[in-house]
Amino acid sequence: MSTKTSGGERGHPPGGRTRLSVRRSARLVERHLMIHRHTPGVLVAEIFEPLLYLLSIGVGIGRLVGDVPGVADSAAGYSAFVAPALLATAAMNGAMNETTFNLLRKLRVDRVYDSMLTTPMTVWDIALGEVCWAVLRGTLAATGFLAVIAVLGLVQSPWALLVVPCAALVGFAFAAVGLAVTTFLRGWQDFQYIQLAMLPMFLFATTFYPLDVYPRPAQAAVACLPLYQSIQLTREIALGRVGPPLLVAVVYLVLMGLAGLVVARGRLARVLLS
Amino acid sequence: MALQTPADDVLLHADGLVKRYRRTRRSEPFTAVDGIGFAVRRGEAFGFLGPNGAGKSSTMRMIACVSPASAGTLRVLGHDPAADGALIRSRIGVVPQDDTLDAELTVRENILVYGRYFGLPRRAVRGKAAELLEFAQLTERADSPVENLSGGMRRRLTIARSLVNDPEILLLDEPTTGLDPQARHALWDKLFRLKRSGITLILTTHYMDEAEQLCDRLVVMDHGRIVATDTPAGLIGRHSTPEVLELRFHPGAQSVMAEKLADLAVRTEVLPERLLLYTADGRTTLTRVLARNADPLTSLVRRATLEDVFLTLTGRTLVD
Ligand SMILES: Nc1ncnc2c1ncn2[C@@H]1O[C@H](COP(=O)(O)OP(=O)(O)OP(=O)(O)O)[C@@H](O)[C@H]1O
Ligand SMILES: [Mg+2]
């Protein structure tokens, strides 16, 4: 990943020989910022959905639950257990909305990338730029949510600030895979299939209860879900249980993101450079 | 990697260039560009003519480095698009056949953002945008969304946008299609100005007058192949007579008359409503026609145009 540039003859902007340039990718983010400058509210809208879950299930059901194993502060109890999971979900949704819904429109309807590709921007730059933008959205949503739960008294230690970079990592993994999946979609109707995968994952990936409620074989299956790994990471950190086991989740999410990125860039090249 | 042709300064060079498309995963690839070769020198205006589906846009897209060539060699500014696409693209301007403006941005923002894609500094691109908006006569509309522009305004904006990086080569795929006559002439003036300033123009067009006006040299493509290359005057000289006599007879009588008058012309062509006699001197031929008591309903002597050449070379029937 280099930003080495060549050219620059006759005062021309450096074009570069590199297929991937962080600087070029940033220009795509700049475009998106220019558009959202007028509608900043949209950027934080994503915190409402997890907030509704927190207030209904976290607080409501929390009344019935009482103590949760592993949560020290029994006053916060169940809500403190659910909140980090919802934060990971917020990061996931914030990022994935960008690289699925919004991206399909840019790819197939507005054809935004066609004009980008007549400039020095490459398909790699577009893939990376979109993922960076999505990570930004996801992180913003997660941070907004973190601020709200802090106000509600569900944040127990300053360690919780570490969930922000975790949210970025979660956003990265899901944004990249979302982008890869979107390049395969034929139209809006195909979003049903994404929903068909996302909703059960949200419900079963230990969002609302710990892994050990499942029988053993089911535990192994659930542990493979990317959202489980994401929740594991944010929850353990939010509850102050930082340790080497978390590296599993980190490595999982990094690899998932990189794989998504590589597939996405290959598919985008096929779709855009016919 | 640079091509060693300093003498004539060839900016664009193609040899045996092929473009194949695979329409579906299983189908046989379709050959849209079938082994073409050409060379364009700095400062030239070079045109691609050809019927719908001839492969003009496919060729333009390969030159613009947005579509990989399937075979053959292509050098743009001395570089290979496969290896140095981004570098080449930083030095050329592209006006695609279909406008690809950013619908979510305003007129001015379209130029600003596009300039940023080239890595131009924000300040520089702001000044450039003002200048280009003036050039495209869109200053008053600078802050309206592009959705609200008319087709002609969009075209002008696309052309203005393509100049943001001070390109050495400007690729124009049907630049004036959809423009009204005033806008077309205004655009020709602008293209002349760009050409005088040293920009090399590569364009495709369906307007023969445009090709005659703008192009120093042109190629006629048909079915993915080049069927003729020359200056506009050269093409007319080589593939047509200097003048054309157009005669109209009673409906249905055209082909009978064509046989009767065939010996008076270099070549005759029968159209549903007209008979064309290709000849060096239209007036003399008309006198001879009248001397045979042929009595056409109307007659017209005109200079041969590129259109005659085009139709001669590519046929009158719709290809697809
Ligand atoms: N992306 C593509 N996939 C498959 N076939 C394509 C693609 N682009 C063009 N073609 C086909 O290649 C042929 C040449 O198309 P091209 O657009 O180059 O023609 P053209 O000379 O520009 O025509 P026009 O004057 O109508 O613009 C056509 O038969 C077209 O259907
Ligand atoms: Mg075309």
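These numbers were taken from a predicted model, which means no experiment stands behind them.
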Does the side chain of [Y] come within less than 4.5 Å of [X]'s, by heavy atoms?
| X | Y | answer |
| --- | --- | --- |
| A:Trp124 | A:Val262 | yes |
| A:Leu128 | A:Ser21 | no |
| A:Leu20 | A:Thr122 | no |

Chain A contact via [X] - which portion, at a heavy-atom distance below 4.5 Å:
| X | answer |
| --- | --- |
| B:Arg20 | neither |
| B:Val66 | both |
| B:Arg61 | side chain |
| B:Tyr21 | side chain |

Practice task
Using a cut-off of under 4.5 Å on heavy-atom pairs, state which of A:Val109, A:Val123, A:Leu117 scores highest against chain B.
Solution key: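 So the answer, after comparing A:Val109, A:Val123, A:Leu117, is A:Leu117.
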Problem - Side-chain H-bond candidate by donor/acceptor type, A:Thr99 with A:Arg137, under 3.5 Å - result: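 Checked: A:Thr99/A:Arg137 side chains show no N/O donor-acceptor pair below 3.5 Å.
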Handout entry: CZ/B:Arg123: more than 12 non-hydrogen atoms of other groups inside 6.0 Å
Key =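 Open.
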Problem - Most contacts with chain A, counted as non-hydrogen pairs under 4.5 angstrom, among B:Ala103, B:Pro68, B:Ala64 - result: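 Highest number of heavy-atom pairs under 4.5 Å: B:Pro68.
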